[in-house]
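Naming convention: chains lettered A, B, ... in sequence-line order (proteins, then strands); numbering from 1 in each chain. A quick note: this is a predicted structure, and the numbers were derived from the prediction, not measured.
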Number of protein chains: 2
Amino acid sequence: MINKSGIFSKSCSHALKAATFVGKKGLENKSVKLKEIAEEINSPLAFTAKILQKLVKANIIESIRGAKGGFFVSQEKLRQISLKEIVFAIDGEGSYNGCALGFEKCNASKPCALHFQILPIREKLKETLINTSLEDLARAVGENTTFLKE
Amino acid sequence: MINKSGIFSKSCSHALKAATFVGKKGLENKSVKLKEIAEEINSPLAFTAKILQKLVKANIIESIRGAKGGFFVSQEKLRQISLKEIVFAIDGEGSYNGCALGFEKCNASKPCALHFQILPIREKLKETLINTSLEDLARAVGENTTFLKE
DNA sequence: AATAATTAAGACAAAAATGTCCGATTTAAT
DNA sequence: ATTAAATCGGACATTTTTGTCTTAATTATT
């Protein structure tokens, strides 16, 4: 319990990185292969594959099977897809809608002990996830103002 | 990956609930036994014991061993202890200081792809954890305006 | 001193998350 | 058609988190 690093699961962090990299290529109308994605985001190949499959099933990116295959996002999709959809596809809505103490039903009329403290934070997170598009991340990474590796 | 509910680990949620309940009793200068805590917060007895031990070691609550024993927090402690300390004791600082994409070094000069989006959320979370005392939670629960069970 | 009631601590078990492997499927190129 | 290069999908393995059990240590009561 010494390394629960932040808001998203590890899988979700990988998913966000992977989607962003596919998005960066999508800005130039290019597809990318699994191998390149995994290398670029420093994530194990087979595990990256699993995560990409989930993104494909969630209709966030598309896959091209067979030789010359790979993964792809259209520029239109890049604009449409928000981070909320990626996070939802991997971690479920719990990460931005769940009760901090784990209650099924936690709301203003039956609030958990942390409800009123955590609510504004959750709201801000949700708002940020909704208002940030995959294109936003992809462009910043494309311009080298932000990074997918350390 | 369908139930990662929110900001804290399950252990940490239990810890926050347990500490709050011990705190509620502390407001009346009473100690509580493990059994009552576990029942009150709906957490398995033995697991609750483990979590309480961590809180004791982190000097957040104190334990009274032997017959007539239990767990206790003084009113002074209740005022001093912030949620940040409880969260730190169980989840480490990752939950409020960690990089959203899991990088060791992520900062304004080498920002991850989500850095600028997540920074304000993390800051708000940290601020909230620092500015909320265990007493705050304990009082609200004592007044039945918030709850530790659903 | 003996007993009963309690927490402490460490070994163990189960479940969930993370990660690997391999064969099946799809497609492009020859 | 055959082959090579890719993704797909399911079984398997590992690691981390969550949870249990048992014994030891401590203390109040008798």
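Summarising the geometry, the separation between CG on B:Asn42 and C1' on D:dT18 is reported as 16 Å, rounded to the nearest angstrom. In this entry the distance linking CZ of B:Phe47 with C1' of C:dA13 reads 13 Å, nearest Å. Between A:Lys54 atom NZ and D:dG9 atom C1' there is a gap of 13 Å when expressed in whole angstrom units. If you take CD1 of A:Ile41 and C1' of C:dT18, they are 14 Å apart, rounded to a whole angstrom. Computed from coordinates, the A:Ile51 CD1 to C:dT18 P distance equals 8 Å when rounded to whole Å. As rounded to whole Å, 11 Å separates atom P of D:dC8 from atom CG of A:Leu55. Rounded to a whole Å, the CD1 atom of A:Ile90 is 16 Å from the C1' atom of C:dA16. Atom-to-atom, NZ of B:Lys10 to C1' of C:dA17 comes out at 13 Å; the value is rounded to the nearest Å.
From A:Ile37, atom CD1 reaches atom NZ of A:Lys17 across 13.5 Å, with rounding to the nearest 0.5 Å.
Taking side-chain N and O atoms only, A:His14 has no distance below 4.0 Å to OP1 or OP2 of C:dT18. In terms of phosphate contacts, B:Ser11 brings no side-chain nitrogen or oxygen within less than 4.0 Å of OP1 or OP2 of D:dT17.
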So which protein N/O to nucleotides 13-15 of chain D N/O distances come out below 3.5 Å?
none

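With sequence neighbours left out, the side-chain contact (heavy atoms from CB on, under 4.5 Å) criterion links A:Asn144 to A:Phe147. Every residue meeting the side-chain contact (heavy atoms from CB on, under 4.5 Å) condition with B:Ala89, not counting sequence neighbours, appears here in chain and number order: B:Ala58, B:Ile60. Judged as a salt bridge (Lys or Arg N to Asp or Glu O under 4.0 Å), and not counting sequence neighbours, B:Glu62 has no contacts. For B:Glu28, the side-chain contact (heavy atoms from CB on, under 4.5 Å) partners two or more places apart in sequence, or in a different chain, are B:Lys30. With sequence neighbours excluded, the residues forming a side-chain hydrogen bond (donor to acceptor under 3.5 Å, both in side chains) with B:Glu76 are B:Gln80, listed by chain and number.
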Listing, residues 109-122 of chain A side-chain donor-acceptor contacts under 3.5 Å, not counting sequence neighbours, or none:
{"from": "A:Ser109", "atom 1": "OG", "to": "A:Asn107", "atom 2": "OD1", "distance (Å)": "2.9"}
{"from": "A:Arg122", "atom 1": "NH1", "to": "A:Asn97", "atom 2": "O", "distance (Å)": "2.2"}
{"from": "A:Arg122", "atom 1": "NH1", "to": "A:Gly98", "atom 2": "O", "distance (Å)": "3.3"}

Donor-acceptor pairs under 3.5 angstrom involving side-chain atoms of residues 132-140 of chain A: please list them, not counting sequence neighbours.
{"from": "A:Thr132", "atom 1": "OG1", "to": "A:Thr128", "atom 2": "O", "distance (Å)": "2.7"}
{"from": "A:Ser133", "atom 1": "OG", "to": "A:Glu135", "atom 2": "N", "distance (Å)": "3.4"}
{"from": "A:Ser133", "atom 1": "OG", "to": "A:Asp136", "atom 2": "N", "distance (Å)": "3.0"}
{"from": "A:Ser133", "atom 1": "OG", "to": "A:Asp136", "atom 2": "OD1", "distance (Å)": "3.3"}
{"from": "A:Ser133", "atom 1": "OG", "to": "A:Asp136", "atom 2": "OD2", "distance (Å)": "3.2"}
{"from": "A:Glu135", "atom 1": "OE2", "to": "A:Arg139", "atom 2": "NE", "distance (Å)": "3.2"}
{"from": "A:Glu135", "atom 1": "OE2", "to": "A:Arg139", "atom 2": "NH2", "distance (Å)": "2.9"}
{"from": "A:Asp136", "atom 1": "OD2", "to": "A:Ser133", "atom 2": "N", "distance (Å)": "2.9"}

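When all heavy atoms are compared, the tightest approach of B:Phe88 to B:Glu93 is CD1-N, 3.6 Å.
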Protein heavy-atom contacts under 4.0 Å, written 5' to 3' over nucleotides 5-12 of chain C as B (base), S (sugar-phosphate only) or - (none), form the string BBBBBBB-

